[in-house]
Undergrad: 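My questions all concern the structure below.
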Amino acid sequence: MLRSAILGAAALALTAPAFAANFVFETAQPVTEKHVIAESVVWTCEGTTCVGDLDRKKASVRICKKIAKEVGVVTALRNDKSELTAEELEACKASAKS
């Protein structure tokens with residue numbers, strides 16, 4: 001019985017969707033802080049690249065705009081399943097911190 005419960009839990013863990021995905025955003029200018037909080041996530045930054053675990057399945061302009069308010073112009077936002085297009089990034093620029 002215990003063996004069945006363990007196998008069932010393992011199968012469920014393998015089939016359950018991940019709730020946090022590793023996202024990366026890049027900026028036009030180097031980010032001055034090592035850690036930035038945007039979209040309720042602590043992003044770890046080095047130079048123009050920041051990485052964080054975001055509870056979303058795909059990149060969106062809304063997420064980009066929230067990040068841009070904190071760090072300035074965002075030149076890329078992606079995870080392993082999606083990436084913003086050039087048009088979406090252009091829409092994000094209006095929210096960039098000056």
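The residues of the chain are indexed from 1 along the displayed sequence.
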Undergrad: Is the shortest side-chain heavy-atom distance between K93 and E90 below 4.5 Å?
TA: yes
Undergrad: Got H35 and T44 here, is their nearest side-chain heavy-atom distance under 4.5 Å?
TA: yes
Undergrad: Minimum heavy-atom separation for A38 and K66, please, with both atom names.
TA: CB-O, 4.2 Å
Undergrad: For residues V74 and F25, report the shortest heavy-atom separation together with the two atoms involved.
TA: CG1-CB, 4.3 Å
Undergrad: State, to 0.1 Å, how close E88 and E83 come at their nearest heavy-atom pair, and which atoms those are.
TA: OE1-O, 4.1 Å
Undergrad: Minimum heavy-atom separation for V51 and V24, please, with both atom names.
TA: CG2-CG2, 4.1 Å
Undergrad: Flag the pair I67 / W43 as yes when at least one side-chain heavy-atom distance between them is below 4.5 Å, and no otherwise.
TA: yes
Undergrad: So, applying side-chain contact (heavy atoms from CB on, under 4.5 Å) with D53, which one of N79, V41, N22 is it?
TA: N22
Undergrad: Shortest non-hydrogen contact from E70 to K97?
TA: O-CD, 3.4 Å
Undergrad: Let's go through F23 and E39 carefully: what are the C-alpha distance in whole Å and the side-chain angles of both, what is the deciding distance for side-chain contact (heavy atoms from CB on, under 4.5 Å) to 0.1 Å, and is it a yes or a no?
TA: CA-CA 12 Å; F23 274 78; E39 188 67 11; over 6 Å; no
Undergrad: Would you say V31 and C50 make side-chain contact, with heavy atoms under 4.5 Å?
TA: yes
Undergrad: What heavy-atom pair brings A59 and S82 nearest, and what distance separates the two atoms?
TA: N-OG, 2.7 Å
Undergrad: Apply the side-chain contact (heavy atoms from CB on, under 4.5 Å) test between E26 and each candidate in T75, V73, L89, L77; give the one that qualifies.
TA: T75
